[in-house]
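Following: one structure in structure tokens, then a few remarks.
Because only heavy atoms are used, hydrogens play no part in the values below, and waters and symmetry mates are left out as well, while side chains stay in.
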Amino acid sequence: MSDHVARIQEAWARERPDLDVRPQGVIGRLHRVAGHLTEQLQVVYRRFGLGEGEFDVLAALRRAGAPFERAPGELAAHTMVTTGAMTKRIDRLERDGLVTRRPSTSDGRGRVVALTDAGRDLIDQAFTEHMRNERRLLDQLPPEDAARLESILTTWLSRLE
């Protein structure tokens, strides 16, 4: 069975027999799987009127626990985006009534972003559906393969990070 990555590898092996193109088998397939997963995950985000970035911000605030707030810099670190990108996400979420901003009580210059009740309700619903969707996607693998893949990816990611 020849997939897209295998066809690319075959062409490179023909054109550049001096190179070992086997890494493409893993990297290329991971890249393509990630693209497919992202498409499928975004379907749920859109159902709740969110983009991936907005979902990440609401989820980071919800994971913080009561009172469901963090400084913008903390949010940027928890979602791995720049502070500039974070500001745009917070602006949109605030405009939609899902978060509020207020001065920090511990740092006079700082700000705090907090979930509103509407934001908490939305992320609770969206996250429930998100987990159902991830389960659906992962259930395409036998459980033992999913567990083995998680272990391999955990090891690899820890080395890369």
Side-chain angles (χ1 to χ4, degrees), residues 1-65 68 70-96 98-99 113 115 119-161:
M1 177 167 86
S2 181
D3 64 13
H4 181 76
V5 174
R7 289 188 295 276
I8 289 172
Q9 285 179 289
E10 290 165 10
W12 276 119
R14 181 188 67 243
E15 295 300 316
R16 291 292 310 271
D18 58 310
L19 293 176
D20 176 12
V21 296
R22 286 179 295 178
Q24 282 186 317
V26 173
I27 305 296
R29 285 183 181 94
L30 273 175
H31 185 72
R32 290 183 61 81
V33 165
H36 288 292
L37 292 176
T38 298
E39 285 176 23
Q40 293 295 310
L41 297 176
Q42 288 177 347
V43 168
V44 170
Y45 306 149
R46 283 192 298 271
R47 197 173 301 144
F48 290 91
L50 301 169
E52 185 175 24
E54 289 82 17
F55 178 91
D56 284 348
V57 171
L58 294 176
L61 288 168
R62 181 64 174 92
R63 285 193 314 270
F68 310 110
R70 292 187 189 271
E74 285 181 289
L75 284 171
H78 283 272
T79 59
M80 296 180 287
V81 298
T82 66
T83 53
M86 181 54 62
T87 299
K88 290 179 185 176
R89 291 174 182 180
I90 294 168
D91 286 347
R92 178 174 178 259
L93 292 168
E94 186 176 35
R95 187 177 59 247
D96 292 347
L98 301 173
V99 302
V113 179
L115 277 178
R120 183 174 172 195
D121 289 345
L122 182 70
I123 192 57
D124 281 350
Q125 292 173 38
F127 187 70
T128 298
E129 186 61 30
H130 175 67
M131 285 294 93
R132 279 192 201 112
N133 192 32
E134 284 194 351
R135 171 54 48 209
R136 177 187 66 81
L137 292 165
L138 197 56
D139 281 349
Q140 295 178 41
L141 295 175
E144 59 277 4
D145 285 354
R148 201 165 56 245
L149 180 59
E150 181 180 9
S151 177
I152 291 166
L153 291 173
T154 298
T155 299
W156 194 9
L157 185 58
S158 70
R159 291 177 184 169
L160 291 171
E161 290 182 339

Extract all donor-acceptor atom pairs below 3.5 Å that involve side chains of residues 45-56 and protein atoms in other chains or at least two apart in sequence.
residue, atom, partner, partner atom, Å
Arg47, NH1, Glu129, OE2, 3.3
Glu54, OE1, Gly51, N, 3.0

Which pairs, with at least one residue in residues 23-43 and sequence neighbours excluded, count as a salt bridge (charged side-chain N to carboxylate O under 4.0 Å, His left out)? Asp3-Arg29
Just jot down the salt bridge (Lys or Arg N to Asp or Glu O under 4.0 Å) partners of Arg16, sequence neighbours excluded, or say none. Asp18
Euclidean distance, Arg120 CZ relative to Phe68 CZ, rounded to 0.5 Å: 3.5 Å
Might you point out which heavy atoms bring Pro72 and Val113 nearest each other, and give the distance in Å? CG-CG2, 4.0 Å
Interatomic distance, His31 atom NE2 to Ile27 atom CD1 [nearest 0.5 angstrom]: 10.5 Å
Of all heavy-atom pairs linking Arg70 and Leu61, the shortest is N-CD2, 3.6 Å
Give a yes or no on whether Arg22 atom CZ has more than 12 heavy-atom contacts from other residues, nucleotides or ligands under 6.0 Å away. no
Any luck finding a side-chain donor-acceptor pair between His36 and Gln40 under 3.5 Å? no
Is it true that atom CZ of Arg159 has more than 12 heavy atoms of other residues, nucleotides or ligands lying nearer than 6.0 Å? no
Would you tabulate the side-chain donor-acceptor contacts of residues 137-150 under 3.5 Å, counting partners in other chains and residues two or more places apart, or write 'none'?
residue, atom, partner, partner atom, Å
Asp139, OD1, Arg135, NH1, 2.9
Asp145, OD1, Arg148, NH2, 2.8

For Leu75 and Ala60, the nearest pair of non-hydrogen atoms, with its separation, is CD2-CB, 3.8 Å
Quick check for you: to the nearest 0.5 Å, what is the distance between Leu58 atom CG and Arg63 atom CZ? 11.0 Å
Report the residue from Val57, Thr128, Leu115 that forms a side chain to side chain contact (heavy atoms under 4.5 Å, CB included) with Ile123. Leu115
Here the gap from Gln9 atom CD to His4 atom NE2, rounded to the nearest 0.5 Å, amounts to 11.0 Å
Sequence neighbours excluded, the answer for salt bridge (Lys or Arg N to Asp or Glu O under 4.0 Å) partners of Arg62 is Asp124
Residues passing the salt bridge (Lys or Arg N to Asp or Glu O under 4.0 Å) test with Asp96, sequence neighbours excluded, are Arg92
